[in-house]
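Taking it in order: structure first as structure tokens, then the write-up.
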Amino acid sequence: MRANLVKKQRVIPGFGLTMGYSLLYLSLLVLIPLAGIFLKTTTLSWAQFFETVAAPRALASYRLSFGASAVAALLNAFFGFIVAWVLVRYHFPGKQIIDAIVDLPFALPTAVAGIAFTALYTTNGWIGRWLAPLGIKVAFTPVGVILVLTFIGLPFVVRTVQPVLQDIQPDIEEAAAVLGARRTQTFTRVLLPMLWPALVTGFAMAFARAVGEYGSVIFISGNMPMRTEITPLLIITKLEQYDYAGATALAVVMLLVSFALLLLINTLQWWTRRQRV
Amino acid sequence: MLRHKAQSARSVSARVRTEPRAVRIVLILAALGFLALFIFLPVVIVFVSALQKGWQFYLSAIGEPDALAAIRLTLLAAGIAVPLNLLFGVTAAWAIAKFDFKGKNLLITLIDLPFSVSPVVSGIIFVLIFGLHGWLGPWLDQHDIRIIFAVPGIVLATLFVTFPFIARELIPLMQAQGIDEEEAALSLGANGWQTFWRITLPNIKWGLLYGVILCNARAMGEFGAVSVVSGHIRGLTNTLTLHVEILYNEYNTAAAFALASLLAFLALVTLVAKSIVGWKSQQQLKAVEQSPPGRKPYEN
């Protein structure tokens, strides 16, 4: 009882000041501006709203944005898993440098990535010139969009799977081996189920990042309406035509999708943590 | 004999925990090939393309007045955004880590919010408020204050997209450290500021630096959000990334890559600094974890 009384008296100062300042800054810079965009859509009628967000050009842009992001996130899930596995389990020269380089997509400005990938994959680029005779076009097609989105999301799967893989105790695999499991069985029946939550979380993060991406895509996509136009670019196009209502409606759709993805990712992370304990 | 047995047990353990040599080599090659294609080649082509017309051209492309103006604006935006978000990061982490209150998890989620918003949408929210057709637009226009298509808009957009970086590094670090040391300092007669400067700050300095590095890289490299609010006025509202886009669209590829190489160089420096500071920060966190768990903050 007495301990409780003592505890109630705070020794550390500054709660009011730091909390007040944090809430003020958060509200002014993030919460009020974000709320503003929802308020703005209320000036649109439902009919107007649906006409904008369900227009054929908008639907085509969702297909590309979500489709290419999903393929890119899948590529990242597959190769990111291998990269994480190799970095944790095997030894080879230069491993630490490779480990550091995985984070490059976080550090490299997206516009730089965009022009670099375009230069590589145009028909006279370093890689494009070998693909062109085979009839494979990458730059200015959806394939190019998938490639840059893979670059953008590359670190996520590696960085979610890596720590979980590191924490797996050797005795689990030993037990499986002692009980007669072959290596592939140990992998699919023991290791993979343990790594699954982290892998799915990394996939969702890479997907969420790719859906909103703009800078790198616009250089390589060619930006043809109905074919290689992503949703963020369509928003900018509408803005440049002073169609504020249309831009706002599409922006709200994007925001709702990102909030849904954020909720999903938070749930997945909670699942990952529970799995690890 | 015993030692021999232990040794062979260890090698059996190593054997059952790894794959045949051929599988290992294939996996390593797959990982390295993937990274070479997606990370190594794009970086190399930036530097090669930047120098395709020689050093003379490279230096004159960077020294060109519009390019210098773009570099200055990028430095200015980062120079304002990083300190302000640093101040916020420290205060938010102090409130969250040193005290207990209802809705703490919600607050942490809200702080992370800008991460999940598309850069383009981040720009638009400011156009809707401050733009000519926005809420405050007419009033600002009357008083001749320009925010959108001007430098303040670029600073605001940069502030928004880099908002969570420092806070999200500091919050878990300070939560792990608890309040023991601060309590001791206070009970020995230090005041709040002394406690912060002499106890807390030295404890969080590596985590703080790590956040600053990431925040700065994003601030200088942001493209989508600033593209919406900038208006692309050469020499006035073009940041470095936007100037790269303009040069590229004018088919001035060599100059575009020359400026892009500065940003790529910044990214490489960021990676090196991040690795060093990240390692130091881990040490700091480990030191905390090895000592007995810090006391939790008080109930509010």
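Chain identifiers are assigned alphabetically (A, B, ...) following the order of the sequence lines, protein sequences preceding nucleic acid strands; residue numbering begins at 1 within each chain. Bear in mind the structure is a predicted one, so any value in this text is a computation, not a measurement.
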Structural part of Leu31(A) lying under 4.5 Å from a heavy atom of chain B: side chain

Closest-packed option against chain A by number of heavy-atom pairs under 4.5 Å, given Leu263(B), Thr241(B), Thr270(B): Leu263(B)

For Ser65(A), side chain to side chain donor-acceptor pair (under 3.5 Å) partners two or more places apart: Thr231(A)

Best-contacting candidate, Val244(B), Val46(B), Val117(B), Leu35(B), against chain A by heavy atom pairs under 4.5 angstrom: Leu35(B)

Region of Tyr248(B) that comes under 4.5 Å of a non-hydrogen atom in chain A: side chain

Portion of Ala208(A) that has a non-hydrogen atom of chain B nearer than 4.5 angstrom: neither

Residue Ser275(B) versus chain A: region with a heavy atom under 4.5 Å: side chain

Atom of Gly212(A), atom of Pro119(B) and distance for their closest heavy-atom approach: O-CD, 3.4 Å

Contacting moiety of Ile218(A), where chain B heavy atoms sit under 4.5 Å: side chain

Phe34(B) portion near chain A, given a 4.5 angstrom heavy-atom threshold: side chain

Between CD1 on residue Ile115(A) and CD1 on residue Ile45(B), distance to nearest 0.5 Å: 9.5 Å

Option in Val269(B), Ile39(B), Val121(B) with maximal non-hydrogen atom pairs under 4.5 Å from chain A: Ile39(B)

Per-residue contact mode, Leu32(B) against chain A (heavy atom under 4.5 angstrom): side chain

Step-by-step ring-ring contact (aromatic ring centres under 6.0 Å, His included) determination, Phe99(B) to Phe15(A): CA-CA 7 Å; Phe99(B) 304 95; Phe15(A) 181 71; 4.8 Å; yes

Heavy-atom contact with chain A under 4.5 Å, split by part of Ile129(B): side chain

Contact leader toward chain A among Thr109(B), Asn191(B), Leu27(B), Val44(B), where contacts are heavy-atom pairs under 4.5 Å: Leu27(B)

Chain B contact via Leu147(A) - which portion, at a heavy-atom distance below 4.5 Å: both

Selection from Val48(B), Leu240(B), Thr253(B) maximising heavy-atom pairs under 4.5 Å formed with chain A: Val48(B)

Leading residue by heavy atom contact count with chain B [cutoff under 4.5 Å; candidates Ile32(A), Leu108(A), Ile235(A), Leu26(A)]: Leu26(A)

Engaged part of Val252(A) at the chain B interface, taking heavy atoms whose separation is under 4.5 Å: neither

Heavy-atom check, side chain of Trp135(B) versus side chain of Lys40(A), under 4.5 Å: yes

Minimal non-hydrogen separation, Pro33(A) against Phe126(B), with atom names: CG-CE2, 4.1 Å

Residue part contacting chain B, namely of Met19(A), when any heavy atom lies under 4.5 Å: both

Residue Leu110(B) versus chain A: region with a heavy atom under 4.5 Å: both

Partner chain B: residue of Thr110(A), Leu154(A), Leu233(A), Asp99(A) with the largest heavy-atom pair count (under 4.5 Å): Leu154(A)

Residue Leu104(A) versus chain B: region with a heavy atom under 4.5 Å: both

Atom pair OG1/CD of Thr18(B) and Glu173(A) - distance to nearest 0.5 Å: 9.0 Å

Leu159(B), part contacting chain A, at a heavy-atom distance under 4.5 Å: both

Close side-chain approach of Phe187(A) to Glu19(B), heavy-atom, < 4.5 Å: no

Pairs meeting criterion salt bridge (Lys or Arg N to Asp or Glu O under 4.0 Å) with involvement of residues 241-267 of chain A, two or more places apart: Lys238(A)-Asp243(A)

Exercise: identify the closest heavy-atom pair between Leu23(A) and Leu107(B): CD2-CD1, 3.8 Å

Within residues 259-266 of chain A, residues adjacent to chain B where the heavy-atom gap is under 4.5 Å: Phe259(A), Leu262(A), Asn266(A)

Atom pair CG (Leu28(A)) and CG (Leu156(B)), whose distance is rounded to the nearest 0.5 Å: 10.5 Å

Choice from Ala176(A), Ala177(A), Pro232(A), Ala181(A) maximising heavy atom contacts with chain B below 4.5 Å: Pro232(A)

Among the listed options Phe219(A), Trp126(A), Tyr214(A), the residue most often paired with chain B at heavy-atom distances under 4.5 Å: Trp126(A)

Interatomic distance, Ile230(A) atom CD1 to Ser118(B) atom OG [nearest 0.5 angstrom]: 8.0 Å

Non-hydrogen side-chain atoms of Trp94(B) and Ile12(A) separated by less than 4.5 Å: yes

Taking every non-hydrogen atom, the tightest pair across Ala107(A) and Ala267(B): O-CB, 3.5 Å

Mutual orientation of the aromatic rings belonging to Phe38(B) and Phe117(A) [parallel < 30°, tilted 30-60°, perpendicular > 60°]: tilted

Heavy-atom side-chain contact between Pro114(B) and Leu29(A) under 4.5 Å: no

Between Val23(B), Leu84(B), Ile213(B), Leu37(B), the one whose heavy-atom pairs under 4.5 Å with chain A are most numerous: Leu84(B)

Nearest-0.5 Å distance that lies between atom OH in Tyr244(A) and atom CD1 in Ile124(B): 9.5 Å

Residue pairs fulfilling side-chain hydrogen bond (donor to acceptor under 3.5 Å, both in side chains) with at least one residue in residues 20-36 of chain A, sequence neighbours excluded: Tyr25(A)-Asn85(B)

Heavy-atom pairs under 4.5 Å with chain B, option from Val211(A), Leu191(A), Val83(A) with the top count: Val83(A)

Atom pair CZ/CZ of Phe92(A) and Arg24(B) - distance to nearest 0.5 Å: 12.5 Å

Interchain contact, Phe38(A) with chain B, by part (heavy-atom threshold 4.5 Å): neither

Val43(B) versus chain A, the contacting section by heavy-atom distance below 4.5 Å: side chain

Contact origin within Ser122(B) toward chain A - heavy atom pairs under 4.5 Å: neither

